[in-house]
Amino acid sequence: MRQRAAVAGKTAYSRPSPTYLRELTEVGRGTPMGELMRRYWQVIALSRDTTGTPRKIRLLGEDLVLFRDGQGRPGLFHARCTHRGTTLYYGKVEERGIRCCYHGWLCDVEGHCLEQPCEPDSGARFRDKVREPWYPVEKRYGLIFAYMGPSPKIPVLPRQSSAKSRFATRGGLSCRAFASK
Amino acid sequence: MAGGRGRKAARKTHSMTQRKIIGEDTAYAMPPSSHRKELTEVGRGTPMGELMRRYWHPVATIKDATSIPKRIRMLGEDLVLFRDGQGRPGLVYARCAHRGTTLYYGKVEERGIRCCYHGWLFDVEGRCLEQPCEPELGIKHRNGVRQPWYPVREHYGLIFAYMGPPEKMPELPRFECLEQLSDGEFIDVDDRSIGTQGDVIMPCNWLQHFENVADPYHVPILHGSFTGSHFTNSTTQMPLDAEFAITTRGVEVRTRRPMEDGRILFRISEAVLPTVRAVANPFAPRLDEPVTALGWVMPIDDTHFRIYTAGRTREKGVLFPVPESVRRNFRNAPSWFDMTEEERRARPGDWEAQTGQGPITLHSEEHLATSDVGLVMVRRLFDEQLRAIASGEDPINVSFDPGTAPTKLSSGNWTTYPPSTGAAE
Ligand code: FES
Ligand code: FES
Ligand SMILES: [Fe+2]
């Protein structure tokens with residue numbers, strides 16, 4: 001027992017510090033994979049979950065709010081109101097868009113500001129100069145797709161022939177059922 | 001039915017084969033965001049932290065200072081408050097000067113607070129009185145150590161602390177509305193953050209609340225048209241007009257609204273630097289007298305604050321009386337604490353709007369409009385004070401003269417505007 005115990009080879013002590021492939025995994029704004037992801041339409045919700053009640057969506061590291069206006073159009077916004085930044089999650093959905101709870105700015109699904117009720121003439125002079133940061137969304141296959149990339153690079157919303165035929169013959173099939181098949 | 005939906009889907013698919021064209025300015029093009037650090041961050045050594053450290057701030061009510069040590073977090077510093085056996089309040093840095101365990105576990109004695117670890121005893125000004133593990137209780141060395149401490153004063157039912165440079169310690173602030181009491185009135189305090197419409201500790205930056213004091217236009221929306229009046233029907237109407245002014249003590253906001261009896265309500269609110277909210281009772285039960293209660297916004301750290309309120313009242317525990325007629329509509333609504341997440345989403349108030357701006361709002365993303373003039377003034381006034389202390393001057397609202405008269409505010413619910421008391425030269 002008085003002899004020194006020798007261990008063969010390297011132990012876990014000498015392992016190098018681990019790393020991961022950032023460029024393949026991280027998806028925030030301005031990262032390589034983030035930029036790649038932003039060249040595609042991404043599924044963000046079921047169409048039937050897109051309603052007159054604002055819904056929090058977190059995608060590619062961005063906090064967003066999804067809703068459907070009174071005319072049935074889905075809208076996807078940066079969560080922070082372009083006025084002073086409170087979240088549009090507390091907003092109220094109306095016929096023409098979503099209204100912020102704090103000072104009542106109303107924006108349509110493409111972020112155009114339609115009303116600023118605390119400003120003279122409801123902001124007629126100023127409101128066209130602001131735009132709530134928004135992303136284009138499309139409904140297909142019972143899903144809502146969003147495009148979060150550079151505008152000139154917006155691709156055609158992809159069609160899946162298998163999904164299309166399923167939906168063509170079995171319309172209303174839920175995403176969950178589809179996934180479990 | 002399934003077949004019908006299928007046909008519809010197919011039709012839509014057909015119409016979508018064309019590529020969508022969108023403008024340049026989607027959220028993708030947003031520049032990176034930032035907040036104004038110099039206006040919001042209050043830690044040691046920061047510009048606003050240094051400005052805040054030129055003033056007395058309430059950090060507790062006088063009842064909070066007892067023989068049981070209480071944790072206080074203020075301006076990003078962890079402190080311990082206690083009251084020694086002789087009745088003197090003490091506010092010390094939480095880490096013991098010996099080897100750093102927290103004095104929150106200390107034992108309060110006649111002469112001070114004793115650390116649990118090796119028993120060093122400190123008085124309310126941090127002097128070390130005993131070191132029981134040293135020869136002769138540390139008689140040779142104990143005078144060379146001092147527990148970091150801050151001066152405190154008991155005033156208006158609150159414990160005020162001064163955390164700044166000793167040579168710049170001003171007189172305690174005094175306000176006429178808290179000193180001139182009419183028959184049957186007394187000063188009472190509230191530590192539940194009146195004005196946040198929610199939880200006591202609010203998880204966002206203090207300035208989001210303080211500048212809201214100079215934002216009368218959120219009232220007709222957030223507290224009015226959005227989900228129904230939070231106050232009285234007259235106080236939550238869009239004002240007939242609003243005037244904003246920088247005064248000798250802060251920013252004053254004047255609004256006029258018609259009352260139900262046909263008269264006009266002249267309402268004045270003031271944001272008194274650095275953190276006092278002089279906002280009259282929004283239920284306006286008493287007209288033509290100075291604001292009854294003042295709230296101090298306490299910056300706990302960069303992303304939390306709470307509010308201590310002191311006011312004149314005739315009824316213990318009631319600083320903002322609600323008239324019976326309004327109580328029926330308003331108070332029967334569930335309290336914030338009883339509301340579900342969904343109910344809070346559907347009926348937002350100040351708590352939701354201000355925490356909804358995030359832990360520290362992103363000033364770079366804002367689009368301020370003409371109705372934001374009040375908070376623009378608040379920010380400008382803070383900018384001026386930051387420049388003043390940086391160039392060696394004293395900031396607004398500090399006095400070194402013990403004979404200074406209490407500040408007379410304009411705030412209140414009036415039937416005509418009172419003469420201005422703080423017009424800036
Ligand atoms: S923060 Fe949205 S309208 Fe003011
Ligand atoms: S750490 Fe406090 S006495 Fe030792
Ligand atoms: Fe409010």
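This one's a predicted model, so the numbers in the text were calculated from it and none came from an experiment. Per chain, numbering begins at 1; letters A, B, ... match sequence-line order.
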Part of B/Ser33 within contact of chain A (heavy atom distance under 4.5 Å)
neither
Measure B/Met238 against the heavy atoms of chain A and call it side chain, backbone, both or neither at under 4.5 Å.
side chain
Winner by heavy-atom pair count (cut-off under 4.5 Å) against chain B, out of [options]:
{"options": "A/Arg84, A/His83, A/His78", "result": "A/Arg84"}
{"options": "A/Cys101, A/Gly30, A/Gly111, A/Pro54", "result": "A/Cys101"}
{"options": "A/Lys92, A/Lys129, A/Arg80", "result": "A/Arg80"}

Start with the C-alpha gap between B/Asp302 and B/Val42, add the side-chain angles, then the distance that decides, and say whether side-chain contact (heavy atoms from CB on, under 4.5 Å) holds.
CA-CA 6 Å; B/Asp302 296 344; B/Val42 292; 3.5 Å; yes
Quick check on [X] against chain B: is it the side chain, the backbone, both or neither that has a heavy atom closer than 4.5 Å?
{"X": "A/Arg38", "value": "side chain"}
{"X": "A/Glu35", "value": "side chain"}
{"X": "A/Tyr102", "value": "both"}

When you look at B/Glu211 and B/Arg379, which way does the salt bridge (charged side-chain N to carboxylate O under 4.0 Å, His left out) test go after all the steps?
CA-CA 8 Å; B/Glu211 65 186 17; B/Arg379 294 178 187 179; 2.9 Å; yes
Classify the angle between the aromatic ring planes of [X] and [Y] as parallel (below 30°), tilted (30 to 60°) or perpendicular (above 60°).
{"X": "A/Phe126", "Y": "A/Trp105", "answer": "perpendicular"}
{"X": "B/His363", "Y": "B/His35", "answer": "tilted"}
{"X": "B/Trp206", "Y": "B/Phe382", "answer": "perpendicular"}
{"X": "A/Phe77", "Y": "A/Phe67", "answer": "perpendicular"}

Hey, which of B/His218, B/Glu342, B/Gln354 has the most heavy atom pairs under 4.5 Å with chain A?
B/His218
Between A/Ser122 and A/Arg127, what is the shortest heavy-atom contact and its length?
O-NH1, 3.0 Å
